Number of protein chains: 2
Amino acid sequence: MTTHSPQKPGAAGRVQEIVGRLRERGHRLTPQRYAVLRALVEGGEHPSAEQLFQRVSEDYPMMSPATVYKTLDTLKAAGEVLELEFRDGPNRYDANMPHAHPHVVCTRCGRIDDVMDERLDPSVVEVSAQTGYQVRGYRLDFYGLCPSCAG
Amino acid sequence: MTTHSPQKPGAAGRVQEIVGRLRERGHRLTPQRYAVLRALVEGGEHPSAEQLFQRVSEDYPMMSPATVYKTLDTLKAAGEVLELEFRDGPNRYDANMPHAHPHVVCTRCGRIDDVMDERLDPSVVEVSAQTGYQVRGYRLDFYGLCPSCAG
DNA sequence: GTCATTGCAAAGCATTTGCAAGTCG
DNA sequence: CGACTTGCAAATGCTTTGCAATGAC
């Protein structure tokens, strides 16, 4: 058993929650998949597929990037991870708050933080009415410099 | 001279405005660049680089995709076009409202519409205060089905 | 005449896919 | 055991880059 440095409060619980949901959906729990899951939930904030691959590779040197991507696909389909897509640079993932919510993105170092302010949550209903679209979700990113990069 | 079908109100003015700004910045006005500019402003809503390339190719068969991308780079640097990046599918461009504003994106056909509602414009100042980031801009996309695709 | 711009082709990058071998339940 | 997973390598898709030739000013 491998215990990694800074554990997150409630991380174990969230991992088990996801494991349960995957089982319900008839998915198998392979060591690789479990490792990706843990890296995703316990690891730093909003990791990329590459970062997950690096972390898991430490324990499973045979791991391939494709497996990370396939695991992420499975989790996306189960609604257990939020995928933040970027054209410039790798996508970033959040398995701790898998529902849409606003983020701040540092345009210099790539750091991403959640913005916790319900007032910012856009009204999907209003937009539906105004545009005639059947709005299902949204994405709200703020761009700027994080405290470290702003100096 | 080539006159294309559905002209946009004020399109000519916007084209001239951009031409002027480019000149101020010391840029040359080549036929290719001018054609991309017109396609961008007069054409359908939120075209992709590929679509711009197609349109301009009708009049300039020697046109290369690289030139479209380079023109878009120039316009981005001048702040005269808003680039909407997508990982799945090509980026989309808006030269009519080059400042950040909310969009609705059809997840089926790719149609994109502007959302005109100032109440939705997120408060960059508030987010800066809350996160410690120096927030410079934002992106707000709503995802769903457009009226046609919703049936 | 100069130097920005063009156009071609090759490279880049993250991600996806095909498929044979492996393994979870 | 059988169907789901893995891992490798090749393919994908959009965009960027290098560089010689071209042409706007």
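Throughout, a chain's letter reflects where its sequence line sits, starting with A, and its residues are numbered from 1. Only heavy atoms go into these numbers, but all of them, side chains included; no hydrogens, no water, no symmetry mates. Predicted model only: the values in this text are computed from it and were never measured.
Rounded to an integer number of Å, the gap from B/R25 CZ to D/dA24 C1' is 19 Å. As a whole-Å value, the separation of B/K70 NZ from D/dA24 C1' is 17 Å. For A/M63 and C/dT23, the CE to P distance is 14 Å, given to the nearest whole Å. Between A/L84 atom CG and C/dT15 atom P the separation is 12 Å, expressed in whole Å. As rounded to whole Å, 13 Å separates atom P of D/dG23 from atom OH of B/Y60. In this structure, A/R28 places its CZ atom 15 Å from P of C/dG22, rounding to the nearest Å. The distance between atom CG of B/D88 and atom P of C/dT16, rounded to the nearest whole Å, is 7 Å. Rounding to whole angstrom units, OH of residue B/Y34 and C1' of D/dG23 are separated by 19 Å.
At the phosphate of C/dG7, OP1 or OP2 sits under 4.0 Å from a side-chain N or O atom of B/T67. For A/Y69 and C/dT16, the shortest distance from a side-chain N or O to OP1 or OP2 is not below 4.0 Å. Regarding contacts with the backbone of D/dT6, a side-chain N or O of A/T30 is found under 4.0 angstrom from either OP1 or OP2. Note on B/R33: a side-chain N or O is less than 4.0 Å away from OP1 or OP2 of C/dT5.
Position along DNA chain C of the nearest nucleotide to B/G26 versus A/L29 favours B/G26 as the more 5'-ward residue. Looking at which nucleotide of DNA chain D each of B/R23 and B/D73 is closest to, the 5′-most match is held by B/D73.
Hydrophobic clustering (ILVMFWY, side-chain heavy atoms < 4.5 Å, transitive): B/L84 and B/V105 are in one cluster.
B/D114 and B/H103 form a side-chain donor-acceptor contact under 3.5 Å, judged by distance and modelled atom types alone. If you check the side chains of A/E58 and A/Q54, you find no donor sitting under 3.5 Å from an acceptor.
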Check the pair B/T71, B/L52 against side-chain contact (heavy atoms from CB on, under 4.5 Å), reporting the backbone distance first and the verdict last. CA-CA 11 Å; B/T71 300; B/L52 293 170; over 6 Å; no
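The side chain of B/A49 lies closest to D/dT15 when the candidates are D/dT6, C/dA14, D/dT15. Minimum atom distance to the side chain of B/R87 is reached by C/dA14, of the listed C/dC24, C/dA14, D/dT6. Picking from C/dG25, C/dT5, D/dT15 the nucleotide with the shortest atom distance to the side chain of B/H27 gives C/dT5. Nearest to the side chain of B/A66, among D/dG23, C/dC24, C/dA9, sits C/dA9. With D/dA24, C/dC19, C/dG7 as the candidates, the nucleotide lying closest to the side chain of B/Q32 is C/dG7.
Residue contacts for A/N91: at a heavy-atom cut-off of 4.0 Å it reaches the sugar-phosphate backbone alone, with no base atom in range. If you check every strand for non-hydrogen atoms under 4.0 Å, A/P61 touches nothing.
Seen from the ring of B/F86, B/R139 counts as a face-on cation partner, given the 6.0 Å and 45° thresholds.
Between A/E80 and A/R14 there is a side-chain heavy-atom pair separated by less than 4.5 Å.
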